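Comments concern the structure below.
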Amino acid sequence: MAVLNFGGVDENVVTREEFPLDKARSILENETIAIIGYGVQGPGQALNLRDNGFNVIVGQRSNSKSYDKAVADGWVPGETLFSIEEAAAKGTIIQYLLSDAAQIAVWPQLKPHLTAGKALYFSHGFGITYKDQTGIIPPEDVDVILAAPKGSGTSLRRLFLAGKGLNSSFAIFHDATGKARERIIALGIGIGSGYLFETTFKKEVYSDLTGERGTLMGAIQGLFAAQYELLRSRGHSPSEAFNETVEEATESLYPLIAENGMDWMYANCSTTAQRGALDWWKKFRDATRPVFEELYDSVAAGKEAQLSIDSNGQADYREKLEEELKELRESEMWKAGRTVRSLRPKGE
């Protein structure tokens, strides 16, 4: 475990240099990793682990698109692809990667297979942190661990194939065997993490739910919509409004931030852009901070979790979700976006 300084604060992190892949393989050489669910995180983690030389099987309901995808990805029915119950019975490490709602629904079928000495692995702290609402209460004689990639399963896989990594947090909720720490760090390296930073189940889910509703998805869509609609109302064309709101951000500026930081991006923009950004960023911070305070308090109080559980549990949830997504998809801004994307030059 290395101690690195982040903005003046020391944190415990694990890097590939100090915990190489060979060490991870050695620790898990006698383990069978059962990936339960092949939806969002399942494919990326399962394929990365398999490619890295670990013993991996997949558990997924048959007669589903996810099952068909697993077969297409090379998982063999009866050999490395099983029903959820069969995979859970065979696995010594059970990676519970179903959606939060599906985890609640499947838990009664999974729990009997959590026998002494096994490990129950999550990539999100939701089910455990809100256990009074989810009913997910593991037995005392199993390790309960977490590795949470900071991005989608698709990104995890793409970066792995490019020889890179996606940073992940890790946490230990319960160490029944005395091996929980080495198990979760080995798994974090095995799934292709760039580096691992330590957290708790509660902090992971609080930060994750805040981020998803905030700058990762909710807030950014809100800011995009506000600026786009303002420009349109002042007479700017859809193309101009979209390019100045979204396209320049995602295609030009955000990659520069990812590579070198916000200060570097500012320093490499025009002096007019620099001055405006430096004058206005604190106004946006001060205007939105109360919204983020309200959001975090709602997450900490369990309100966001309950809203998610209640909505996902409705029989017509998928239909309602599609209507909400359609509102985004059919908005003028994202229609303009489809046209702009189609006009991007194609690579050779």
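Computation of the quantities below employed the complete heavy-atom set of this structure, encompassing side-chain atoms and omitting hydrogens, waters and symmetry-equivalent molecules. A quick note: this is a predicted structure, and the numbers were derived from the prediction, not measured.
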**Item:** Flag for E204-T199: side-chain donor and acceptor within less than 3.5 Å
**Value:** no

**Prompt:** Ion pair present between E18 and K23, side-chain N to carboxylate O less than 4.0 angstrom?
**Reply:** no

**Derivation and outcome, salt bridge (charged side-chain N to carboxylate O under 4.0 Å, His left out), residues K179 and D143** = CA-CA 8 Å; K179 301 186 297 181; D143 293 340; over 6 Å; no

**Prompt:** Can you pull the ring-ring contact (aromatic ring centres under 6.0 Å, His included) pairs that have at least one residue in residues 129-164, sequence neighbours excluded?
**Reply:** F126-Y130

**Asked** If every non-hydrogen atom of R61 is compared with every non-hydrogen atom of S64, which pair is closest and at what distance?
**Response** O-OG, 2.9 Å

**Fill in**
So the ring-ring contact (aromatic ring centres under 6.0 Å, His included) pairs with at least one residue in residues 261-283 (sequence neighbours excluded) are none

**Asked** If you measure only the distance, is there a donor-acceptor pair under 3.5 Å linking the side chains of S123 and Q41?
**Response** no

**Message:** When you group the ILVMFWY residues by side-chain heavy-atom contacts below 4.5 Å and let the links chain together, are I35 and F54 in the same group?
**Reply:** yes

**Request:** Step by step, work out the side-chain contact (heavy atoms from CB on, under 4.5 Å) result for V76 and L81.
**Result:** CA-CA 5 Å; V76 180; L81 177 59; 5.9 Å; no

**Request:** Answer with yes or no whether the side chains of N48 and R157 bring together a donor and an acceptor at under 3.5 Å.
**Result:** yes

**Atom of N52, atom of G190 and distance for their closest heavy-atom approach** = ND2-O, 2.8 Å

**Message:** Would L307 and D310 count as a side-chain contact (heavy atoms from CB on, under 4.5 Å) here? Give the steps.
**Reply:** CA-CA 5 Å; L307 285 169; D310 290 345; 5.7 Å; no

**Asked** How many angstroms lie between atom CD1 of I172 and atom CZ of R183, to the nearest 0.5 angstrom?
**Response** 11.5 Å

**Fill in**
Closest heavy-atom pair, L156 versus G44, reported as atoms and distance to 0.1 Å, is CD2-C, 4.1 Å

**Asked** Can you tell me how far the CD atom of Q314 sits from the CD1 atom of I309, to the nearest 0.5 Å?
**Response** 12.5 Å

**Prompt:** Got more than 12 heavy atoms from elsewhere within 6.0 Å of CZ, F6?
**Reply:** yes

**Asked** Would you say the side-chain atoms of T271 and Q274 include a donor-acceptor pair closer than 3.5 Å?
**Response** no

**Request:** Please examine the side chains of F19 and T15, heavy atoms only from C-beta on, and report whether any two atoms are closer than 4.5 Å.
**Result:** no

**Request:** Any chance you could measure Q45, atom CD, to S193, atom OG, to the nearest 0.5 Å?
**Result:** 8.0 Å

Review item, side-chain donor-acceptor pairs of residues 210-219, under 3.5 Å, at least two apart:
unit_1: T210; atom_1: OG1; unit_2: Y206; atom_2: O; d: 2.8
unit_1: R213; atom_1: NE; unit_2: E304; atom_2: OE1; d: 2.8
unit_1: R213; atom_1: NH1; unit_2: L209; atom_2: O; d: 3.3

Can I get a per-line list of side-chain donor-acceptor pairs under 3.5 Å for residues 145-154, giving both atom names and the distance, sequence neighbours left out?
unit_1: S152; atom_1: OG; unit_2: T154; atom_2: N; d: 3.4
unit_1: S152; atom_1: OG; unit_2: S155; atom_2: N; d: 3.0
unit_1: S152; atom_1: OG; unit_2: S155; atom_2: OG; d: 3.1

**Prompt:** Within a radius of less than 6.0 Å around CZ of R318, do more than 12 heavy atoms belonging to other residues, nucleotides or ligands occur?
**Reply:** no

**Item:** M333 side, atom CE; L328 side, atom CG - distance, nearest 0.5 Å
**Value:** 7.5 Å

**Complete:** Applying salt bridge (charged side-chain N to carboxylate O under 4.0 Å, His left out) to E322 and not counting sequence neighbours gives R329

**Cluster overlap I94 with L47, hydrophobic side-chain contacts below 4.5 Å** = no

**Asked** Residues two or more places apart in sequence or in another chain: which of them pass salt bridge (charged side-chain N to carboxylate O under 4.0 Å, His left out) with E332?
**Response** R232

**Prompt:** Between G192 and R16, what is the shortest heavy-atom contact and its length?
**Reply:** O-NH2, 3.3 Å

**Message:** Please tell me whether W75 and Y38 have a donor and an acceptor in their side chains that are separated by less than 3.5 angstrom.
**Reply:** yes

**Asked** Side-chain heavy atoms under 4.5 angstrom apart, residues restricted to Ile, Leu, Val, Met, Phe, Trp, Tyr: same cluster for V291 and L295?
**Response** no

**Prompt:** Would you call E247-R341 a salt bridge at under 4.0 Å N-O?
**Reply:** no

**Prompt:** Honestly curious: do I93 and L114 fall in one hydrophobic cluster under the side-chain, below-4.5 Å linking rule?
**Reply:** no

**Message:** Under the rule for ring pair (Phe, Tyr, Trp, His ring centres under 6.0 Å), what residues qualify as partners of Y195, not counting sequence neighbours?
**Reply:** none

**Item:** Counterpart residues, salt bridge (charged side-chain N to carboxylate O under 4.0 Å, His left out), relative to R50 (two or more places apart)
**Value:** none

**Asked** If you look at every heavy atom in G302 and Q133, which pair is closest and at what distance?
**Response** O-NE2, 3.3 Å

**Request:** Decide, yes or no, whether a salt bridge links D286 with K282 under the criterion of side-chain N to carboxylate O below 4.0 Å.
**Result:** no

**Request:** Could you list all the ring-ring contact (aromatic ring centres under 6.0 Å, His included) pairs where at least one residue sits in residues 225-248, not counting sequence neighbours?
**Result:** F242-W334

**Nearest-0.5 Å distance, NZ of residue K203 to OG1 of residue T129** = 12.0 Å

**Message:** Do L343 and V340 have side chains that approach each other closer than 4.5 Å (heavy atoms only, starting at C-beta)?
**Reply:** no

**Complete:** Only residue of F201, F122, Y121 satisfying ring pair (Phe, Tyr, Trp, His ring centres under 6.0 Å) with F173 is F201

**Request:** Please identify each residue that fulfils side chain to side chain donor-acceptor pair (under 3.5 Å) with S169, with sequence neighbours left out.
**Result:** none

**Asked** Would L187 and I185 count as a side-chain contact (heavy atoms from CB on, under 4.5 Å) if you check the C-alpha gap in whole Å, the side-chain angles of each, and the deciding distance to 0.1 Å?
**Response** CA-CA 5 Å; L187 288 163; I185 293 175; over 6 Å; no

**Request:** Please collect all salt bridge (Lys or Arg N to Asp or Glu O under 4.0 Å) contacts where either partner lies in residues 109-136, sequence neighbours excluded, each pair once.
**Result:** none

**Complete:** For D263, the salt bridge (charged side-chain N to carboxylate O under 4.0 Å, His left out) test, sequence neighbours excluded, returns none

**Asked** Going only through I, L, V, M, F, W and Y residues with side-chain contacts under 4.5 Å, is there a path from V14 to I184?
**Response** yes

**Complete:** Between F82 and K90, the two heavy atoms sitting closest are CE2-CE, 3.5 Å

**Prompt:** Can you list the steps and then say if V106 with I84 is a side-chain contact (heavy atoms from CB on, under 4.5 Å)?
**Reply:** CA-CA 9 Å; V106 173; I84 288 174; 4.1 Å; yes

